[in-house]
Amino acid sequence: MKLSVVILNYNVRYFLEICLKSVEAAIKGIDAEIIVVDNNSSDDSCKMVSELFPAVNLISNKENSGFSKGNNIGVDQAQGEYLCILNPDTIVAEDTFLKLINFSEKQNNLGAVGCQLID
């Protein structure tokens, strides 16, 4: 697998849905997986993910374990050569992951890479 996208969620169902739609479009043509870690949300985030995004690996925590631990739970499950930790209030352009992977594969000793964020 080329890419794993880990998204940590806590009570932001609306943003998460938009984020997941953008990520699905951006991983077309890439051997990729999406992992959503939910930190015990009280909204219907988990139900929405299960119903609208059945291919997403949903991890439902029984407690809010915080930002770092929540992300690490997703990273632990990730199988991709490349890993993206993404906030749920992010919209990804359709060519973002392809551009980042193409750039990364031309580098030596690459540890991390970022891209331009537009607010």
Side-chain angles (χ1 to χ4, degrees):
M1 178 163 305
K2 185 59 79 176
L3 173 66
S4 295
V5 180
V6 175
I7 304 167
L8 179 64
N9 179 67
Y10 181 67
N11 287 328
V12 289
R13 181 225 182 272
Y14 173 76
F15 291 116
L16 179 61
E17 181 178 352
I18 295 168
C19 178
L20 287 170
K21 286 179 181 177
S22 75
V23 171
E24 280 190 337
I27 64 171
K28 281 196 186 339
I30 300 171
D31 184 19
E33 65 179 345
I34 304 170
I35 301 167
V36 170
V37 179
D38 185 82
N39 258 351
N40 199 29
S41 294
S42 59
D43 63 8
D44 68 340
S45 295
C46 290
K47 180 180 178 193
M48 179 274 297
V49 172
S50 295
E51 290 177 357
L52 300 181
F53 303 95
V56 168
N57 178 1
L58 175 63
I59 301 169
S60 300
N61 290 337
K62 301 302 178 208
E63 64 182 11
N64 185 340
S65 54
F67 183 79
S68 298
K69 187 172 182 182
N71 276 309
N72 283 335
I73 289 168
V75 168
D76 240 16
Q77 298 296 310
Q79 298 177 23
E81 178 183 346
Y82 293 100
L83 174 67
C84 174
I85 296 176
L86 193 64
N87 287 341
D89 61 347
T90 305
I91 298 172
V92 180
E94 289 183 9
D95 61 349
T96 298
F97 294 132
L98 192 56
K99 283 182 175 179
L100 287 171
I101 290 169
N102 287 339
F103 171 81
S104 298
E105 293 195 340
K106 295 175 185 169
Q107 308 306 310
N108 292 321
N109 299 318
L110 182 69
V113 66
C115 62
Q116 180 181 15
L117 304 177
I118 302 171
D119 185 15

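Keep in mind that this is a model prediction, so the values were computed, not measured.
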Identify each donor-acceptor pair in which a side-chain atom of residues 52-64 lies under 3.5 Å from a protein atom, sequence neighbours left out, and give them as a table.
| unit_1 | atom_1 | unit_2 | atom_2 | d |
| --- | --- | --- | --- | --- |
| N61 | ND2 | N39 | OD1 | 2.8 |
| N64 | OD1 | N39 | ND2 | 3.2 |
| N64 | OD1 | G66 | N | 3.0 |

Linking I/L/V/M/F/W/Y whenever their side-chain heavy atoms sit closer than 4.5 Å, directly or via other members, would Y10 and V49 fall into one cluster?
no
Given side chains that start at C-beta, do those of V5 and F97 come closer than 4.5 Å, heavy atoms only?
yes
Between V6 and N71, is any pair of side-chain heavy atoms under 4.5 Å apart?
yes
Interatomic spacing from CG in N11 to OG in S42 - rounded to 0.5 Å:
4.0 Å
Residue pairs meeting salt bridge (Lys or Arg N to Asp or Glu O under 4.0 Å), one or both in residues 3-18, sequence neighbours left out, come to R13-E17, R13-D44, E17-K21
Solution key, residues 83-96 side-chain donor-acceptor pairs under 3.5 Å, sequence neighbours excluded:
| unit_1 | atom_1 | unit_2 | atom_2 | d |
| --- | --- | --- | --- | --- |
| T90 | OG1 | N87 | O | 2.9 |
| D95 | OD2 | K99 | NZ | 3.1 |
| T96 | OG1 | A93 | N | 3.4 |
| T96 | OG1 | A93 | O | 3.3 |

For S68, check side chain to side chain donor-acceptor pair (under 3.5 Å) against everything at least two apart and list the hits.
none
Under the side chain to side chain donor-acceptor pair (under 3.5 Å) test, which residues partner D76, sequence neighbours left out?
none
CD on E51 to SG on C46, rounded to 0.5 Å
11.5 Å
Look up atom OG in S41 and atom NZ in K47, then write down how far apart they are to the nearest 0.5 Å.
14.5 Å
Solution key, residues 100-113 side-chain donor-acceptor pairs under 3.5 Å, sequence neighbours excluded:
| unit_1 | atom_1 | unit_2 | atom_2 | d |
| --- | --- | --- | --- | --- |
| N102 | ND2 | L98 | O | 3.3 |
| S104 | OG | L100 | O | 2.7 |
| E105 | OE2 | K2 | NZ | 2.5 |
| Q107 | NE2 | F103 | O | 3.2 |

From S45 OG over to L16 CG, what is the distance, rounded to the nearest 0.5 angstrom?
6.0 Å
Extract all donor-acceptor atom pairs below 3.5 Å that involve side chains of residues 25-36 and protein atoms in other chains or at least two apart in sequence.
| unit_1 | atom_1 | unit_2 | atom_2 | d |
| --- | --- | --- | --- | --- |
| E33 | OE2 | S4 | OG | 2.5 |
| E33 | OE2 | Q79 | N | 2.7 |

Partner set under side chain to side chain contact (heavy atoms under 4.5 Å, CB included) for N72, not counting sequence neighbours
none
